[in-house]
There are 2 protein chains.
Amino acid sequence: MNAKKIPDIIIGRLPVYLRALQHMADAGLKTTSSQELGEHVGISAAQIRKDISQFGEFGKQGTGYSIEFLINKLREILKVDQSWDVIVIGAGDLGHALAHYQGFKNRGFRVAGIFDNDKNKIGQTIGDFVIEDIATLNDRVKAQNIKIAIMTVPAAAAQEVADKLVQAGIKSILNYAPVNVNVPSNVKIQYSDPATNLQRMTYYL
Amino acid sequence: MNAKKIPDIIIGRLPVYLRALQHMADAGLKTTSSQELGEHVGISAAQIRKDISQFGEFGKQGTGYSIEFLINKLREILKVDQSWDVIVIGAGDLGHALAHYQGFKNRGFRVAGIFDNDKNKIGQTIGDFVIEDIATLNDRVKAQNIKIAIMTVPAAAAQEVADKLVQAGIKSILNYAPVNVNVPSNVKIQYSDPATNLQRMTYYL
DNA sequence: TAGATTGTTAATCGATTAACAATC
DNA sequence: TAGATTGTTAATCGATTAACAATC
């Protein structure tokens, strides 16, 4: 009865709180309140208190939250108090950009490799990486126990690639391909198709 | 009393329906049902019917929805039955990738330019684009009446850039920078920070 | 016609907000 | 102490689902 199920919508906000808190810490701040944090992220103070209180009593009446302490707790809860190996599938422009992305390393991730199925790309060097053959993906993922993949493949290839990833043991997929993909319920998938993201805003123009 | 307010959460699902319908159309299908569409996108049939019915009676009892008709309606509703000029701010790897992105052109968008503030980058050619000076952004946005921008700038620059965009008349911002940004309530912003997206999934590992 | 499927209403479920006692 | 702010409860609000008459 300890493991009460936390709603996905709350989990989804925690990385936003964490990012804002790290920003505050970088600015030299020591404590914050639900009010102040809420103003930073555009969420009500009540909701922030409720979200955080799901995981324990991390604040103090009268003074608020220790930024450093709350950062540590959130990193623990989100399991980003460690470094996860991530692979990138699809060595197009977007794959290149994400393989090089400097923003992962302080946030719990390390790119462990980039894969493609194009014989002309395999073996080529991009930055620190050599593009690997997708045929070797299964062995790599299993040998290194990799759990997270980023897909930057064409829409037509996405389902097939996702199936291979799941087969290899990947449990989290960040999908930039503009297509819905079916995965088993024990695998998490996040969609980040650029055109879909833009289309969410044009209605309001 | 015609303009009842449609919840944001419904608007956010429409591009997903549209993408799935276009996929079906490409496969040569002519009609679909809320049941079938729901299976494609992982949403209940009841919710799809409810969402779509906000905008009119687009289906037929017994037979479902004409895919082509529904595509046209959704494109109209989302205002992507036209081509929007989009600018990219920040000519790093991610900015390059998005400026080159081939997936925009059939989905209502055209990249109209890419800007940076780095004197060493300004004037350089990337594909069809010459990197422009961010100092010229205001004039360009106003002259071409551009409404949409993609930000791929460092976190430290994001608020300042967003202020400039808003000042110039941009109304929709797709933000890849890992930071929260304040914009007036008449400007829409979507966040797409890669590390945050990954952190939404590690909890479940 | 019989079967299928919509659009819509009512019921349920879940998320957010308001309020406040506890307490630092 | 007085002021501030948490954690939590109850109230409100909103979203999802179930069910079904209408009808193609």
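The chains referred to below are lettered A, B, ... by the order of the sequence lines, with proteins before strands, and numbering in each begins at 1.
- In the region residues 17-40 of chain B, proximity to DNA chain D at under 4.0 angstrom, judged on heavy atoms, holds for none of the residues.
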Inset, instruction - Represent DNA chain C in dot-bracket notation, 5' to 3'. Only Watson-Crick or G-U wobble pairs with both distances under 3.5 Å count; pseudoknot-style crossings use [ ] and interstrand partners use |. - result: ..||||||||||||||||||||||
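- Qualifying salt bridge (Lys or Arg N to Asp or Glu O under 4.0 Å) partners for A:R107, counting only residues two or more places apart in sequence or in other chains: B:D193.
- A salt bridge links A:D8 to A:K188: one of the charged nitrogens lies within less than 4.0 Å of a carboxylate oxygen.
- Judged purely by atom type and a 3.5 angstrom limit, B:R140 has no side-chain atom pairing as donor or acceptor with the backbone of B:I146.
- Rounded to an integer number of Å, the gap from B:I48 CD1 to C:dT8 P is 17 Å.
- A donor-acceptor pair under 3.5 Å is formed between the side chain of A:W84 and the backbone N or O of A:K79.
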Legend entry - Letter per nucleotide, 5' to 3', of nucleotides 15-24 of chain D [B base touched, S only sugar-phosphate touched, - untouched; heavy atoms, 4.0 Å]: SBBBB--BBB
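- For the segment residues 180-192 of chain B, no residue has any heavy atom less than 4.0 angstrom from an atom of DNA chain D.
- Checked against side-chain hydrogen bond (donor to acceptor under 3.5 Å, both in side chains), A:Y101 has no partners two or more places apart in sequence or in another chain.
- One interatomic measurement links the two molecules: CG of B:L70 to C1' of C:dG7, which rounds to 14 Å at whole-angstrom precision.
- Taking A:D81 as the reference, A:R75, A:E76 meet the side-chain contact (heavy atoms from CB on, under 4.5 Å) condition, with sequence neighbours excluded.
- In summary, of the residues considered (B:D118, B:D116, B:I89), a side-chain contact (heavy atoms from CB on, under 4.5 Å) with B:I134 occurs for B:I89 alone.
- The list of side-chain hydrogen bond (donor to acceptor under 3.5 Å, both in side chains) pairs with a residue in residues 87-100 of chain A, not counting sequence neighbours, reads A:D93-B:H100, A:H100-B:D93.
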For a quick test of your reading: what N or O donor-acceptor pairs under 3.5 Å do the side chains of residues 54-74 of chain A make, sequence neighbours left out?
residue	atom	partner	partner atom	Å
A:Q54	NE2	A:K50	O	3.0
A:S66	OG	A:F69	N	3.1
A:N72	ND2	A:E68	O	3.4

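- In this model, the phosphate group of C:dG7 is approached by a side-chain N or O of B:Y65 to a distance below 4.0 Å at OP1 or OP2.
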Would you tabulate the side-chain donor-acceptor contacts of residues 160-178 of chain A under 3.5 Å, counting partners in other chains and residues two or more places apart, or write 'none'?
residue	atom	partner	partner atom	Å
A:D163	OD1	A:Q159	NE2	2.8
A:N175	OD1	A:A177	N	2.9
A:N175	ND2	A:V179	O	3.2

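- The two atoms that bring A:I131 and A:A91 nearest to each other are CD1-CB, 3.6 Å, heavy atoms only.
- Under the rule for a side-chain hydrogen bond (donor to acceptor under 3.5 Å, both in side chains), B:Y203 has no partner lying at least two apart in sequence or in another chain.
- In this view, B:Q47 and B:R13 satisfy the side-chain hydrogen bond (donor to acceptor under 3.5 Å, both in side chains) rule, not counting sequence neighbours.
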